[in-house]
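Have a look at the structure below before the remarks.
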Amino acid sequence: MTSSTSPTRKLFIKTYGCQMNVYDSERMAEALAPSGYEIADSAEGADLILLNTCHIREKAAEKVYSELGRLKALKADNPDLKIGVAGCVAQAEGDEILRRQPLVDLVVGPQSYHRLPELEARARQGAKALDTDFPEEDKFDRLGGRARARRGPTAFLTVQEGCDKFCAFCVVPYTRGAEVSRPAEKVLAEARDLVERGVREITLLGQNVNAYHGAGTDGDWGLARLIRELAAIDGLDRLRYTTSHPNDMEDDLIAAHGEVPELMPYLHLPVQSGSDRVLKAMNRKHTAEGYLRLIDRIRAARPDILMSGDFIVGFPGESEADFEDTLALVREVGYGQCYSFKYSPRPGTPAAERAHVAEEVKAERLARLQALLAEQQEAAQQAMVGKSVGVLFEKAGRMPGQLVGKSDHLQAVHVEAPETLLGRIARVDITAAAPNSLAGRLSVE
Ligand code: 5AD
Ligand code: SF4
């Protein structure tokens, strides 16, 4: 890595949205390190502020503009402060941002983060800098040169970006572009590097991660093969992946859930609705029954798997009967933890043009769905009491002498444990459950 002779400058990145953005923010910080930037904890006193934005729900662009408005005072205090917008809103809005908000110095889409040092330098010279292209080159190649510092025991690793599914409500195919998978060798190299730096658990990321098809040493590898090869890395104890589409859950991936001990028993598999009519209108290309039978097969491979999902209520045309089909599906699956949203139109997507369900109806349905999901989550938490689980300890707890980690099933667990266990996995007997966390004690082995 080249080191800079310029004095250290402070970089503040505010990250919105999904884990992909968290990962991207880390990469942006690494890309800007050779330009002399160090991460700061707050916007105050920063020399460069980047908003890594998310466009997936609710008036995303408007929220970014109001956040930018709030930064005005900082720029008045420090005329040298540069402000950038990154992420999916940057991709979707492009130079409109520069036109609408003169505070902004640079706009960079998710495919162009390797060009940040150049864009930042241009902004420093007083020019407005914009890059929202979808280049042919592999941005991950250009984002190399990480500092080999030690890091926490869990990490995200992007293996795939973009989506070809075009669900009628979703902006991802427009903002993140077509599906692209990283070559397996590059993923493996990055994983080995992470493990050398102390990482024990890697979550593979992709907008449609189970559609992964990357070049391997002997032809094309699907996600299952990639997982098997990653699991063979010494010191890499846990693997997860998110987010998946039901139609890409291939047999070998389901089999891996039963055969690869490192692959943790938690799966986020969004279905969005339990009504075939709505699923069709959403262009999901699967039925409720197809999804349920898929879960049967996954559970046959890994009986203790904890299922997670995403739901949208009040999609255009959703009737009360359609919504009740969603409740019925939820009852049949029995989820451990879910995300649920009111439909909100995203400009440029097909569903945005359709007649919308009334806001009060959406709110009422969301409340009913969330009550049911909360009940299921509590039941799943309670079911852990009395069990012995593996916990990877990530940080100190709020109480002295306490550590917090994640169970195999991705539940937060608080345990009285020595600090020497930080970054390591230990067996824990679960003694109590709350809706969002578990408590336990170290098993005597
Ligand atoms: N309205 C509401 N929810 C949405 N999601 C995506 N687009 C929309 C939208 N327009 C939800 C889906 C997806 C999750 C990441 O966000 O449930 O799985
Ligand atoms: Fe969006 Fe996921 Fe559908 Fe792709 S599969 S269009 S990312 S909701």
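The structure displayed is predicted, hence computed values, not measured ones. Whatever order the structure lists ligands and atoms in, that order sets their numbers, starting from 1.
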Taking only residues two or more places apart in sequence or in another chain, which ones pass ring pair (Phe, Tyr, Trp, His ring centres under 6.0 Å) with [X]?
X: Y212; value: none
X: Y335; value: F311
X: H245; value: H286

Q) Hey, does F169 come in under 3.5 Å of ligand 1, counting only N/O atoms on both sides? A)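 N/O-N/O distance below 3.5 Å exists for this pair.
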Q) Taking N or O atoms only and a 3.5 Å limit, does R346 qualify as a polar contact for ligand 1? A)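 No; every N/O pair is 3.5 Å or more apart.
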Contact atoms of ligand 1, heavy-atom distance to [X] under 4.0 Å:
X: Y343; answer: 1 (N), 2 (C), 10 (N)
X: D310; answer: 13 (C), 14 (C), 15 (C), 17 (O), 18 (O)
X: K342; answer: 1 (N), 2 (C)

(Q) Under 3.5 Å, is there a donor on one side chain and an acceptor on the other for E318 and Y343? (A)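 Distance-only check fails for E318 and Y343.
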**Q.** Any donor-acceptor N or O pair under 3.5 Å, side chains H213, S181
**A.** no
(Q) Checking contacts here: is it the side chain or the backbone of Q272 that comes within 4.0 Å of ligand 1, counting heavy atoms only? Could be both or neither. (A)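 Only the side chain of Q272 comes within reach of ligand 1.
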Q. Closest approach of R176 and C88, non-hydrogen atoms and distance?
A. NE-SG, 3.2 Å
Q.
I need the minimum non-hydrogen distance between A43 and L71, along with the two atoms involved.
A.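 For A43 and L71, the tightest heavy-atom pair comes out as CB-CD2, 4.5 Å.
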Q. R182 pairs by side chain to side chain donor-acceptor pair (under 3.5 Å) with which of E161, E190, Q160?
A. E190
**Q.** Salt bridge D248-K165, side-chain N to carboxylate O under 4.0 Å
**A.**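 Counted as a salt bridge, because a side-chain N and a carboxylate O are separated by less than 4.0 Å.
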Q.
Around atom 3 (Fe) of ligand 2, how many protein N, O or S atoms are found at less than 2.8 Å?
A.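 The number of such protein atoms is 1.
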Q. Looking at atom 2 (Fe) of ligand 2, what's its closest protein heavy atom, distance included?
A.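 Nearest protein contact, heavy atoms only, for atom 2 (Fe) of ligand 2 is Q207 O, 4.4 Å.
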